[in-house]
2 protein chains.
Amino acid sequence: MGVSLKDVAKLAGVSVKTASNVVNDYRHVSEATRTRVRSAIDELGYQPNLTARHLRYGRSGLLGLALPELDVPYFAELAKEVIAVAEQRSWSVLIDQTDGRGDRERLLVSGSRARTLDGLIISPLALGADYFAALRADMPVVLLGEKAAPGTADHVAIDNVAAAEDATAHLIGLGRRRVAAIGHQREPSAGTAEVRLRGYRRALLAAGIRPDPALVVPVDSYHRPDGAEAMRHLLALPNPPDAVFCFNDLLALGALRTLLASGVRVPEEVAIVGVDDVEDGRFSTPTLTTVAPDKAQIAQAAVSMLLERIGGSRCRPRELIAGHRLIVRESTAGRTLE
Amino acid sequence: MGVSLKDVAKLAGVSVKTASNVVNDYRHVSEATRTRVRSAIDELGYQPNLTARHLRYGRSGLLGLALPELDVPYFAELAKEVIAVAEQRSWSVLIDQTDGRGDRERLLVSGSRARTLDGLIISPLALGADYFAALRADMPVVLLGEKAAPGTADHVAIDNVAAAEDATAHLIGLGRRRVAAIGHQREPSAGTAEVRLRGYRRALLAAGIRPDPALVVPVDSYHRPDGAEAMRHLLALPNPPDAVFCFNDLLALGALRTLLASGVRVPEEVAIVGVDDVEDGRFSTPTLTTVAPDKAQIAQAAVSMLLERIGGSRCRPRELIAGHRLIVRESTAGRTLE
DNA sequence: GGAATGATGTACAACGTTGTAAATCACGGC
DNA sequence: GCCGTGATTTACAACGTTGTACATCATTCC
């Protein structure tokens, strides 16, 4: 169907290999043949067949990006960055959605689709150690987020304990004493939730506040409805909170919705902080105070690490702590000016 | 590196082709050899090399999905659906972001990366006819949205005139008479904007209202900040509107932000409608009335059409009008009950 | 008993590319 | 005139897979 090197070679009156040499800028090609081949290429509109190259090289030029859900803003924003960085280095990205389901994650990683990938960046949510068992030993992997078994693979994340501590400390700094937390997960080893809870507790203790277990609300997932429901639960308490630290922005936006719909004033009566700095939080009313991970840095680092592994690096699994910073907005600072 | 059919064949004591026949469930293989090969496959953990297959077949198993930006919720939600549908039919999706820039769109479609794609679904934003000139004639394409030159390629969209008319009529039905429109684009042939503006005008005229050009606000892009700015412009008018039809939800959320930050009551003083039904609008305060396109249907239809083309269908370019419906929420109906 | 039929298995080539090794050529030095 | 050197070009094989054509064998039919 397409134009191949054979066609180019025939038109230019040279061997296929010589044509290939021109394409690959091989040194020892005479100027005369070079131009002849070049014009043949132009005339025929030849473009190399990447599939054939990949077969030859044993590479596909494809990076996998496995995310729970693409329509979760944080993941969408991350995907955008990853794709941009990868493309800049002339790699393509194939996105897979795991829905946080273990079976899909397994299938995805062990299936024949995975064989075409040169490497994989995964943001594991629900998945545990057996996941990695399914991983091809020779497939480079970079983990995003907190679920990492240390020493298993390269890993990029923010310092989630510190992030949670910053957020909670900010609420305490406003004078709040009954600070709730939304986002705990019932399952024992739920990575991110675990460490954020730790940071939350640490901030409370540092301020001399005794953590109240009734203020720690577990959720099934990290979407807006979960946050909304958790907030309804908190409001129904005999002694409701005066501030809430939500483990991500979607939970916070859901909680915010419940508060406003219930006529609770934010931040006067209840202040709210989230994590992720998704775009929605910059335009909600009130705007959402949040801990912003450096997404560009995360994407950059993840792709770099992965490409190094693909390039053959065999050093010990590395860990990169990306930056984060608290962005104070109206949901804690109140309406300032417009 | 990996296990190939050759290894399997050797272990099972058969020819490579016989091993291949077992893998492909070829009819005429004796039960004895079949089981022998099967167990060799299991023992070695053989998985077919897709790259080699693709080379052989001249197909890659990859669909391209070209979107302006992945972090725009509508596109993210659409991408999620497309990936899900494609995967169900065992195709993989490679996402490219055009940023709405013509040069990137060109590069993307004509570059050698495109050669590896069996087909392309594009949601063209800024791109015109020259885009299609760059398209390989033999590359199946499905267009999403309104920028289509009719008869050029298969095309999936909602009836945007009707959608805009429904939205505007709803506002008029609330008794509003000064209905503004945010989302007009200055460039002459800006597909979607054009048709939505037409629907808006039609609804006004149908209600006997004379369209006021001052109430039609152009924007540079369709993000929240554009909506916020456009709304500021409208509020500064000597005779501001009592309702706004925004050409998408992000514009509406931006406009909503401006209104609330300015102390304008929504919907009492100004009612708002958007288009897209993105998740944010279901949790904003007030929640956002919107026109919901049937995204699942769009994704389903786009993938189906594309696969038919890839399968060799040569019929005339088709056009599919996906369903849409108005979802009335608080930004027009007000707080009902909680 | 011979031939036709069908089941089963194999060798080879090809998809488009590039590494390897070897062939060819030009040229300067003796 | 011969050789060595290095530049230039080429044939071949291989990456892993499968379609085509053919070989082999058993069965059935006349």
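Each chain gets a letter, A, B and so on, in the order the sequences are listed, and its residues count up from 1.
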Counting only non-hydrogen atoms, which of residues 30-42 of chain B are less than 4.0 Å from DNA chain C?
-> Ser30(B), Thr33(B)
Beyond-backbone contact of Ile95(A) with Leu70(A), side-chain heavy atoms, under 4.5 angstrom = yes
Rounded distance (Å) that lies between atom P of dT18(D) and atom CG of Asp25(B) = 12 Å
Which part of the nucleic acid, if any, lies within reach of Thr18(B) when heavy atoms closer than 4.0 Å are counted: base, sugar-phosphate only, or nothing?
-> base
Of all the nucleotides listed (dA7(D), dG16(C), dA11(D)), which has the minimum atom distance to the side chain of Ser15(A)?
-> dA11(D)
Leu5(B) side-chain proximity, nearest of dT17(C), dT10(D), dT17(D) | dT17(D)
Please determine if Asp118(B) and Arg59(B) form a salt bridge, counting it only when a charged side-chain N lies under 4.0 Å from a carboxylate O.
-> no
Say whether Glu69(A) and His223(A), considering side chains only, have a donor N or O and an acceptor N or O under 3.5 Å apart.
-> yes
Is any NZ, NE, NH1 or NH2 atom of the basic residue among Arg318(A) and Glu308(A) found under 4.0 Å from an Asp or Glu carboxylate oxygen of the other?
-> yes
Between dG19(D), dT17(D), dT20(C), which one does the side chain of Lys17(A) approach most closely?
-> dT20(C)
Whole-Å distance, Asn24(B) CG to dG9(C) C1', equals 16 Å
Base, sugar-phosphate, or nothing for Asn21(A), non-hydrogen atoms under 4.0 angstrom?
-> base
Whole angstrom is fine here: how far is it from OH in Tyr57(B) over to C1' in dC15(C)?
-> 12 Å
Under-4.0 Å salt bridge between Arg38(A) and Asp25(A) = yes
Under-4.0 Å side-chain N/O to phosphate OP1/OP2 contact, Arg56(B) with dG16(D) = no
Beyond-backbone contact of Ile122(B) with Leu65(B), side-chain heavy atoms, under 4.5 angstrom = no
Looking at dT9(D), dT18(D), dA14(D), which one has an atom nearest to any side-chain atom of Tyr26(A)?
-> dT9(D)
Quick one: which of dG9(C), dG16(D), dT18(C) gets closest to the side chain of Ser20(A)?
-> dT18(C)
Identify, between Leu55(B) and Arg27(B), the residue whose nearest nucleotide on DNA chain C lies closer to the 5' end.
-> Arg27(B)
Whole-Å distance between dT9(D) C1' and Lys10(A) NZ?
-> 19 Å
Spacing between Lys6(A) atom NZ and dC15(C) atom C1', to the nearest angstrom = 9 Å
Within the structure shown, what part of the strands sits under 4.0 Å from Val23(B) by heavy-atom distance: base, sugar-phosphate, or nothing?
-> nothing
Between CG of Asp7(B) and C1' of dA14(D) the distance, given in whole Å, is 14 Å
Check: Val14(B) and Val22(B) side chains under 4.5 Å, non-hydrogen atoms = no
Looking only at side-chain atoms of His28(B), point me to the closest of dG9(C), dT8(C), dT10(C).
-> dT8(C)
